[in-house]
Q: 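The structure under discussion is supplied below as structure tokens; questions concerning it will follow.
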Amino acid sequence: MLVRSAHSRVRRGARRTLGAALRCRAPALLGASLALLLGCSGAAPPPAARPARVVKTPPAQPKAPEGPPLLPAQVIAELEDEDTTPYLARRGDEALLLYAAGGRWRTRVLGADGAPRGDAADVGPAAADVPVAALRAAPQGYIAAWIEQAGGSRAVRVIALDPAGKPMGPASLVAQTAEEITWLEVLPNAAGALVLWEMPREAQDNVDRVDVVMTVVAQGKGGAAIKPTAPASVARGVLGWNAVATERGAAVALVLPPAGGDRKPARKAAAEDADAGDAAAAPKLGAVGLVEIDPAGKVSGPVTVSPEPTAHIDLEIVSVGGRYLLTWTDERDIDSAVYLAAVEPGGKVVVAPRQATPPSGEQALVSLVAPSAEGGGRALLAWEDLLRARDVDGGAESGGQGRLIHLASVGPDGALSAERAGLVFSASGPPDLAADGDGFAAVTLAPAVLKAGGGEAAPPVWPTFVRFGPDLSVRAAEPVRAAPFAATDGVPYLVRGLSCHKGACATLASAAAGAPAPQGGAAAGAGAAIGRAPLAVVSLPVRESPWRAPAFREDRDPPPRATAVRALVEGDSIAKVAAAELDGGAAMAAWVTYFVEGASNRAPRGQDLSATVAVRAASPGGLGKLSVLSQKASSIGGVAIAAAPPAPADAKGKGGAAQGESVLAWVARERGETQVYVTKLDAAGAKVAQKKLTTAPRKKQGGVASEASDVAIAYDGAGGFIVAWVDTRDGNAEVYAARVDRALTRTVPDRRITSAPLDAAEVQIAVRGQEVWLVWSDARPAGGAGGAGDPGGEASGDIFLARLDAKTLQRIGDETRLHASPEHSRSPVLAPYEGGAVVAWVDEAGAAAGGAAASGGGAAGGHARFVRLDGGGAVQGPPLAVAAPDGAPVSSVALACDKVCRGVLASAPGDSVALSAFTLAPGEAAAPAMKLLAWLTGSASQDVSPAFAGRSGASLFFADDAVGGAGRVRWMTIAWP
């Protein structure tokens with residue numbers, strides 16, 4: 001891992017990034033600035049299958065906290081340039097440092113505590129341009145290999161070093177070519193080592209490919225002679241690879257190009273709309289294979305681990321319990337997910353590919369860390385959920401905000417531990433992870449906050465280490481600060497090379513070139529020179545610390561929390577989402593896509609396509625079949641769904657239904673006109689019957705055709721359904737209602753409910769006993785029906801209530817203005833509660849009103865408001881204003897009430913959308929506490945239209961745009977207190 005301090009003067013060299021497989025996720029994953037600095041500039045950027053273990057400290061920092069002690073550290077070398085990469089390998093109780101200085105390779109032996117043992121040793125000449133090198137411990141000492149670039153030539157060289165770091169002979173030239181060589185690995189074995197490297201090949205179908213080449217490095221007795229064999233092929237034209245050394249030689253995991261060019265079968269809809277630039281930036285996907293190489297260099301036949309062409313190139317492999325454990329990011333379903341598989345030596349797949357974790361929206365693999373030799377035999381899996389990837393609050397334990405990586409240990413059977421940890425990190429790099437005995441250690445970039453601090457608004461972001469126990473509990477944590485870096489508050493410029501042995505962990509850290517030299521340091525050479533970068537080993541002890549840890553046990557996270565997130569569909573952007581609860585814990589979700597007239601040319605000639613309305617069932621057992629009901633829907637018409645219990649049988653035992661049914665209300669657009677439709681669905685979401693509810697004439701001579709919009713529907717409790725909508729057939733937009741029976745036959749025809757000078761919008765419906773309650777937003781002046789104040793006042797939009805007789809749809813009493821507000825009130829939701837209901841809506845702050853503060857609560861960016869209604873529809877107590885976290889503007893709210901009310905607030909802090917959960921006891925005067933559920937991947941301009949299925953609030957459906965831009969409907973299950 002590499003950490004840059006606040007005093008960086010960056011000269012970027014050759015870098016190894018996450019590449020196409022994860023680069024498309026950079027804004028929500030690891031950041032576009034992520035880079036591993038591997039040497040001097042000029043090297044071609046290699047294909048990126050391996051995440052870089054680097055972190056970059058932000059260039060601007062608040063004032064550092066004072067008082068906490070520094071970590072033990074010893075200066076061990078001086079680097080000519082701050083971006084020069086040192087290499088460290090452990091061998092027993094010692095370690096060896098390899099670095100370039102003065103045009104020479106140098107080594108230095110370090111003790112278990114990091115203290116230098118003797119002076120630096122000269123190994124041999126070092127080329128000016130070395131983009132990649134590797135150093136590994138071997139039975140007879142160490143083996144180092146590197147790539148040299150000089151002019152148009154590339155070369156691979158290898159050298160054997162004794163335990164003291166001295167060369168056993170001159171470096172051997174393994175390969176030399178005019179072609180690119182972009183990465184290499186050294187895989188030691190009892191007889192020597194296998195050295196593997198990759199060579200890029202010409203892209204096919206806009207997808208980069210590489211050849212993997214190897215040489216066998218054999219050492220004679222005493223290790224004096226090193227004899228590399230001629231280069232030989234391991235694999236040709238693969239998308240990515242990763243390798244692990246084993247007692248049998250090595251195992252190489254491969255991402256193989258798909259046959260027939262089928263690159264992305266799970267996302268055909270998105271691919272159809274992608275232009276050439278999108279196709280070039282699309283992630284490289286392929287099948288997963290494995291080959292073994294014995295110590296003599298014999299390559300086994302390939303074994304297919306995952307035949308689906310859906311694996312990203314972030315494939316990793318480790319050896320655990322005598323098996324090979326493979327993991328990668330996979331896109332075989334709509335959402336990308338982290339997959340695991342296990343293979344026995346010899347090639348038998350013993351754990352077929354499977355999703356490693358519960359679905360949580362789009363995921364991405366971060367790392368797979370092998371267990372230590374003295375550990376408990378479990379590896380560490382690290383991944384990121386993109387729905388919780390931005391500014392996630394780690395709670396009191398984390399001491400601040402940051403993005404979140406999930407950690408879990410995994411055994412040879414591919415099963416993850418029940419214990420989970422979260423690790424906070426900044427947006428500029430991934431953490432460095434290493435096995436630490438039977439636990440693990442990490443170095444990350446996170447806010448530095450004192451436990452006794454006052455909650456600084458902007459704490460400094462520093463490299464910080466965390467020591468985890470075997471159950472992933474935090475044993476120790478504090479920033480990496482040491483005396484050699486006193487000129488920069490103790491914070492080094494770069495941190496990398498985390499390693500642990502027998503319970504002791506340390507990391508390499510360096511100051512920026514030109515920084516003041518430490519006094520009394522044990523630097524290599526004859527003192528600190530101006531322009532040089534001191535390099536130190538910093539110990540990372542387990543000790544009492546005044547710092548808050550940037551990590552915590554996730555499995556102890558109190559509810560409410562999201563337990564799973566799945567995508568139901570991917571395609572066009574979503575305009576509206578609705579949901580209803582079915583029997584047996586299942587739910588039916590419905591949605592209509594966003595469509596602008598004349599903005600699409602996707603319709604075949606002669607066909608009149610508009611928005612798409614579709615449904616899909618979701619249950620604990622999985623997802624039902626996607627059912628597209630129409631491609632001639634109106635986006636502004638919206639969509640609504642209501643469920644009914646099974647129909648009772650008649651006196652002769654006929655006509656009953658074993659399962660409940662649901663009825664969908666939506667608006668179709670045909671030949672430029674809109675009409676309301678109702679569609680009956682069975683429990684699987686298949687269409688049973690469909691009828692047109694309205695037949696109103698829409699075209700007007702010389703004017704704009706009238707429109708139907710904002711449909712709502714509710715089961716009336718007596719075998720029928722009440723439908724409400726907004727209609728402009730009489731000029732301005734008014735609320736209408738109608739009633740149908742189970743056969744969708746109208747029993748009460750269209751009835752106009754409202755009559756006001758301005759427009760109504762967004763009607764919602766609920767049945768309360770023998771009454772139907774409607775709420776909507778209406779722009780009538782403040783002096784209108786049910787209101788008070790100046791009749792000529794400005795019409796900003798308030799929420800109104802009307803009560804109807806459920807049989808006749810005749811209005812009961814006058815309409816009621818629920819709250820007179822100077823703000824624009826919109827997007828109401830109506831949740832039955834006890835004998836009445838709770839109504840929530842969004843108040844948008846208006847300039848004339850002076851913001852939300854002028855209305856008695858909320859945030860300046862807009863807020864939600866809640867009122868409780870008794871059985872007669874009367875408002876009980878003053879409305880409660882609820883602000884989103886950090887005062888972000890509220891975009892929508894979902895509400896479900898049973899014994900208490902549970903809600904989800906969608907807000908838009910910055911350029912994205914956050915979902916926060918809350919519990920509301922109606923009648924309470926204080927605003928409820930908010931708990932972050934997820935950050936969405938879509939933009940802040942999107943209305944995510946959250947909707948609960950049922951009164952428990954356990955299933956939430958909402959719209960979201962994927963990282964790649966395609967629209968999705970997501971299903972989130974929530975655990976509540």
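Values in this document were obtained by computation on a predicted structure and should not be read as measured data. The basis for the numbers below is simple: all heavy atoms, side chains too, and nothing from hydrogens, waters or symmetry mates. Along the sequence shown, the residues carry numbers beginning at 1.
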Q: Above 12 or not: heavy atoms from other molecules or residues under 6.0 Å from CG of Asp119?
A: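 For Asp119, atom CG is not crowded (no more than 12 foreign heavy atoms under 6.0 Å).
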Q: Any non-hydrogen side-chain atom of Leu71 less than 4.5 Å from a side-chain atom of Glu478?
A: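 In contact.
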Q: For a side-chain contact (heavy atoms from CB on, under 4.5 Å) with Leu540, tell me which candidate from Cys500, Cys505, Pro72 qualifies.
A: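 Of the listed options, the one satisfying the test is Cys505.
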Q: Using 4.0 Å as the upper bound for N to carboxylate O, is an ion pair formed by Glu419 and Arg553?
A: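 No, no charged N to carboxylate O under 4.0 Å.
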Q: Flag the pair Leu404 / Glu554 as yes when at least one side-chain heavy-atom distance between them is below 4.5 Å, and no otherwise.
A: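 A side-chain contact under 4.5 Å exists here.
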Q: Is any NZ, NE, NH1 or NH2 atom of the basic residue among Arg157 and Glu148 found under 4.0 Å from an Asp or Glu carboxylate oxygen of the other?
A: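 Answer for the salt bridge query: yes.
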Q: Out of Thr246, Asn189, Val252, which residue meets the side-chain contact (heavy atoms from CB on, under 4.5 Å) rule with Ile293?
A: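 Exactly one pass, corresponding to Val252.
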Q: Assess whether a salt bridge exists between Asp489 and Arg481, defined as any Lys/Arg side-chain N lying under 4.0 Å from an Asp/Glu carboxylate O.
A: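 Salt bridge absent between Asp489 and Arg481.
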Q: Output all residues satisfying side chain to side chain contact (heavy atoms under 4.5 Å, CB included) with Arg90, sequence neighbours left out; order by chain, then residue number.
A: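 Once residues adjacent in sequence are excluded, the partners of Arg90 under the side chain to side chain contact (heavy atoms under 4.5 Å, CB included) criterion are Ala95, Ser499, His501, Ala506.
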Q: Tell me the closest heavy-atom pair linking Ala482 and Val538, and the distance in Å.
A: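 Minimum heavy-atom separation between Ala482 and Val538: CB-CG2, 4.2 Å.
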Q: I'd like to know whether Trp547 forms a side chain to side chain contact (heavy atoms under 4.5 Å, CB included) with Trp462, so could you lay out the CA-CA distance, the side-chain angles of the two residues, the decisive distance to 0.1 Å, and finally the verdict.
A: CA-CA 12 Å; Trp547 300 94; Trp462 287 343; 3.7 Å; yes
Q: Which heavy-atom pair separates Ser510 from Phe485 by the least distance, and what is that distance?
A: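 Heavy atoms only, the tightest pair is C-CE2, 3.6 Å.
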Q: Who are the salt bridge (Lys or Arg N to Asp or Glu O under 4.0 Å) partners of Arg378, not counting sequence neighbours?
A: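 Testing Arg378 for salt bridge (Lys or Arg N to Asp or Glu O under 4.0 Å), a comparison that skips the adjacent residues, returns none.
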Q: Within a strict 4.5 Å, meaning less than it, do heavy atoms of the Phe468 and Val474 side chains meet?
A: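 Yes, at least one pair of side-chain atoms sits under 4.5 Å.
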Q: Which heavy atom of Leu325 sits nearest to which heavy atom of Pro412, and what is that distance?
A: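 So the minimum-distance heavy-atom pair works out to CD1-O, 4.5 Å.
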Q: How close do Thr464 and Ala446 get, counting heavy atoms only, and between which atoms?
A: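 The pair with the smallest heavy-atom distance is OG1-O, 4.2 Å.
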Q: Does any non-hydrogen side-chain atom of Pro86 lie less than 4.5 Å from one of Leu88?
A: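 Of all side-chain heavy-atom pairs linking Pro86 with Leu88, none is under 4.5 Å.
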Q: Taking Arg91 for its side chain and Ala138 for its backbone only, find out whether a donor-acceptor pair lies under 3.5 Å.
A: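 Confirmed, Arg91 side chain pairs with Ala138 backbone.
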Q: Heavy atoms, side chains only, cut-off 4.5 Å: are Leu407 and Leu381 in contact?
A: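 Side-chain contact under 4.5 Å: no.
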Q: Between Val244 and Leu187, is any pair of side-chain heavy atoms under 4.5 Å apart?
A: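 Heavy-atom side-chain distance check fails, nothing below 4.5 Å.
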Q: Is Asp81 salt-bridged to Arg532, going by a charged N under 4.0 Å from an acidic O?
A: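 No.
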Q: Heavy-atom distance under 4.5 Å between the side chains of Val466 and Pro550, does that happen here?
A: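 Side-chain contact under 4.5 Å: yes.
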Q: Kindly say whether Gly165 contributes a backbone atom to a donor-acceptor pair with the side chain of Asp162 at under 3.5 angstrom?
A: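 Checked: pair present.
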Q: Of all the heavy-atom pairs spanning Tyr87 and Ala133, show the shortest one and how long it is.
A: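 That closest heavy-atom pairing would be CE2-O, 3.2 Å.
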Q: Any chance you could measure Glu198, atom CD, to Leu184, atom CG, to the nearest 0.5 Å?
A: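 Those atoms lie 9.5 Å apart.
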Q: Does Thr444 use its side chain to pair, donor to acceptor, with the backbone of Val424 at less than 3.5 Å?
A: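 Between the backbone of Val424 and the side chain of Thr444 there is a qualifying donor-acceptor contact (under 3.5 Å).
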Q: Is the shortest heavy-atom distance from the side chain of Leu79 to the side chain of Tyr99 under 4.5 Å?
A: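 In contact.
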Q: Give a yes or no on whether the backbone of Ala382 and the side-chain of Ser367 come within a donor-acceptor separation of less than 3.5 Å.
A: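 Pair absent, no side-chain N/O of Ser367 close to backbone of Ala382.
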Q: Quick one, Leu368 with Leu326, criterion side chain to side chain contact (heavy atoms under 4.5 Å, CB included). Give me CA distance, side-chain angles, the key distance, then yes/no.
A: CA-CA 9 Å; Leu368 180 65; Leu326 292 80; over 6 Å; no
Q: How far apart are the closest heavy atoms of Glu80 and Ala101, and which atoms are they?
A: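 So the minimum-distance heavy-atom pair works out to OE2-C, 3.5 Å.
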Q: Taking Arg248 for its side chain and Ala245 for its backbone only, find out whether a donor-acceptor pair lies under 3.5 Å.
A: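 Judged by distance alone, no pair lies under 3.5 Å.
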Q: For the pair Glu374 (side chain) and Lys502 (backbone), establish whether a donor and an acceptor sit closer than 3.5 Å, ignoring hydrogens and angles.
A: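 A pair under 3.5 Å: yes.
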Q: To the closest 0.5 Å, what do you measure between OG (Ser372) and CG (Leu380)?
A: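 Between Ser372 OG and Leu380 CG, I get 11.5 Å after rounding to 0.5 Å.
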Q: Test side chain to side chain contact (heavy atoms under 4.5 Å, CB included) on Leu472 and Phe440 and set out the steps.
A: CA-CA 8 Å; Leu472 298 183; Phe440 301 92; 4.1 Å; yes
Q: Can you tell me if Thr327 and Glu316 form a side-chain donor-acceptor pair at under 3.5 Å?
A: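 Result is no, nothing qualifies.
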Q: Hey, what do you get for CZ (Arg475) to CZ (Arg543), rounding to the nearest 0.5 Å?
A: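 Arg475 atom CZ to Arg543 atom CZ measures 14.5 Å (nearest 0.5 Å).
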Q: When you check the gap from the basic side-chain N to the acidic O, do Asp122 and Arg104 get nearer than 4.0 Å?
A: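 A salt bridge is present here (some side-chain N lies under 4.0 Å from a carboxylate O).
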Q: Return the CD to CG distance between Gln140 and Leu161, rounded to the nearest 0.5 Å.
A: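 With rounding to 0.5 Å, CD (Gln140) is 12.0 Å from CG (Leu161).
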Q: Checking side chain to side chain contact (heavy atoms under 4.5 Å, CB included) for the pair Lys227/Val216: CA distance, chi angles, key distance, verdict?
A: CA-CA 8 Å; Lys227 301 176 181 179; Val216 178; over 6 Å; no
Q: Is it the case that over 12 heavy atoms from other parts of the model lie below 6.0 angstrom from the NZ atom of Lys451?
A: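 Atom NZ in Lys451 is crowded, with more than 12 foreign heavy atoms closer than 6.0 Å.
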Q: If I take atom CZ from residue Arg420 and atom NE2 from residue His406, how far apart are they, to the nearest 0.5 angstrom?
A: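 Separation between the atoms: 9.5 Å.
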